[in-house]
Amino acid sequence: MAERGAHITTTSLSDDRPSIFEVVAQESLMAAVRPALHHIVKVLAESNPARYGTLWRWFDELYTLLDWLLQQHSLSWASASFSENFYGLKRVTLGRKGGQQNLPRKEYWKSLLLLVLVPYLRIKLEKLVSRLREEEDYSIQNPTSFHKRCYKAILASYPFVKLGWEAWFLFYQLKYILGNGKHHSPLLGLAGVQLNRLTMEDLRAMEKQQEMTNTVSNAVSISHRIRDILKKALGAVALSVSSSLSLGVFFLQFLDWWYSAENQETLKSLSNLPVPPPPIHFDLETYSPLLPKLRTVCPLCRKVRVNDTALGTSGYVFCYRCAYYYVKTHQRCPVSGYPTELQHLIKLYTPDG
């Protein structure tokens, strides 16, 4: 058995094909960066919602933009993604083992789109399903309505879609381990590339390419110089991000391990928030988020509360309908501004009710 499985871990210097451990390690690198940054932004948003709340709400889009710049710089310079270049790998078109310095334009754009957009769309789909589950549990819609039936159909089919997606990747990894596949991921096949190891010739070619770009940029027109300055600025941003990630990658992996349990129970982390100070009572308009003078009045609609509902993150009480639609739209408490979800709505009942 040891001799049969020896090809999985042992590699020769003449073999450009990376082992399964190398390709899995480079994938886990970027998978550890996102949760660590996500937790940092979450802590900042909870400590100061007014200043960092926008950063928390648009985290997926900002991270996708940052990932786009990083992957574009890495693909242009090293013909590999950031994590692949970190582990000494490169992308080549299918059927070619060497002699290729840069990816062709078609494979370059397909690789960039698959590297950036697929993770973004997958996370958005998971958040959509999570939101639909919350709405199914806390929604006040008619169970026989068309929207309710669509929600149930999506929630019922999503586990099978996710299972098929994971099985698809597992099938390619098993083929790669057994030596019957050229790539470990179906996304590489869709991009028309495969992974090889970087050689000394590749490193020398990258150094020469950097020197050539520095010398050629001196004898061009003004429009080309402006365009070159913009490219250099974007490249400098991507280079600084890649350098900082290279230095802090192990710290980010430690953060991912340390806070891996925070995604399992959001309520537990939000329940430790400090009690907000009581707001000052002023005679303001009806849309004011401050509390009214009468304790039986809802702070949102400024009418006597109906179906009293408290928010578990702040403790303030509203009408159920007012709190439901406000939290669903803004994902925060109307009074304190703390991040709040539909699962934090707590209905209150009187002893005689």
Side-chain angles (χ1 to χ4, degrees), residues 8-9 11 13 15-40 62-93 97-98 100-103 107-120 122-123 169 172-173 176 182-185 187-188 191 193-210 213 234-258 260:
I8 299 177
T9 56
T11 55
L13 295 176
D15 188 11
D16 293 335
R17 187 174 184 268
S19 65
I20 185 63
F21 297 103
E22 290 175 292
V23 295
V24 171
Q26 63 88 16
E27 284 189 348
S28 63
L29 174 61
M30 293 306 296
V33 171
R34 183 187 181 89
L37 295 178
H38 189 268
H39 182 79
I40 293 174
L62 293 175
Y63 181 84
T64 302
L65 178 61
L66 183 66
D67 191 25
W68 179 279
L69 296 175
L70 181 65
Q71 303 297 356
Q72 185 181 29
H73 171 74
S74 184
L75 285 172
S76 301
W77 178 65
S79 297
S81 67
F82 169 78
S83 57
E84 292 164 358
N85 183 48
F86 186 83
Y87 280 91
L89 304 178
K90 64 177 180 179
R91 294 191 172 205
V92 297
T93 53
K97 294 185 177 181
Q100 177 181 331
Q101 296 181 4
N102 296 322
L103 284 174
E107 283 74 13
Y108 169 83
W109 284 107
K110 288 197 297 184
S111 298
L112 183 60
L113 292 175
L114 291 173
L115 281 171
V116 178
L117 293 184
V118 170
Y120 173 76
R122 183 178 180 183
I123 289 176
F169 278 76
Y172 272 80
Q173 289 183 357
Y176 189 83
K182 295 182 179 180
H183 30 254
H184 70 288
S185 172
L187 299 182
L188 293 176
V193 297
Q194 64 184 27
L195 292 180
N196 286 345
R197 289 193 180 89
L198 282 175
T199 61
M200 294 301 299
E201 289 76 9
D202 296 324
L203 297 176
R204 296 192 190 98
M206 287 192 299
E207 292 179 358
K208 291 181 179 179
Q209 182 181 2
Q210 187 67 26
T213 54
L234 293 177
V237 173
L239 181 60
S240 60
V241 172
S242 62
S243 301
S244 59
L245 286 178
S246 299
L247 295 176
V249 62
F250 298 106
F251 174 70
L252 291 174
Q253 286 181 334
F254 171 77
L255 286 179
D256 178 44
W257 168 79
W258 185 263
S260 59

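For the numbers below, each heavy atom of this structure counts, side chains included, while hydrogens, waters and symmetry mates do not.
- Taken from OG1 in T64 to CD1 in I123, the straight-line distance is 7.0 Å, to the nearest 0.5 Å.
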For this session: Go through the steps to decide whether V24 and I20 satisfy the test side-chain contact (heavy atoms from CB on, under 4.5 Å), and finish with yes or no.
Result: CA-CA 6 Å; V24 171; I20 185 63; 4.0 Å; yes
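- Of all the heavy atoms in L114 and V118, the pair that sits closest is O-CB, 3.4 Å.
- To the nearest 0.5 Å, atoms CG (L37) and CG (L62) are separated by 11.5 Å.
- Taken to the nearest 0.5 Å, the CD atom of Q71 stands 12.0 Å off from the CG atom of L113.
- Distance check: N85 CG to K90 NZ gives 11.5 Å after rounding to the nearest 0.5 Å.
- L115 and L75 make their closest contact through CD1-CD1, 4.1 Å (heavy atoms, listed as atom of the first residue, atom of the second, distance).
- For S76 and Y108, the side-chain atoms include at least one donor-acceptor pair closer than 3.5 Å.
- A distance of 5.5 Å separates CD of Q26 from OG of S81, quoted to the nearest 0.5 Å.
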### Query
After noting the C-alpha distance and the side-chain angles of V92 and Q194, does the key distance pass the side-chain contact (heavy atoms from CB on, under 4.5 Å) rule?
CA-CA 6 Å; V92 297; Q194 64 184 27; 3.7 Å; yes
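- Pairing each heavy atom of L89 with each of P18, the nearest pair is CD2-CB, 3.7 Å.
- No salt bridge links E107 with R91; every basic N to acidic carboxylate O contact stays at or beyond 4.0 Å.
- Pairing each heavy atom of K110 with each of A191, the nearest pair is CE-O, 3.4 Å.
- Classified by interplanar angle (parallel below 30°, tilted 30° to 60°, perpendicular above 60°), the ring pair Y176/H184 is perpendicular.
- Closest approach of S185 to F169, counting heavy atoms only: OG-CE2, 3.3 Å.
- Judged by distance alone, the side chain of Q72 and the main-chain N or O of L69 form no donor-acceptor pair under 3.5 Å.
- R197 places a side-chain N or O within 3.5 Å of a backbone atom of R17 that can act as its donor or acceptor partner.
- Here the OH atom belonging to Y87 is positioned 10.0 Å from the CZ atom belonging to F82, to the nearest 0.5 angstrom.
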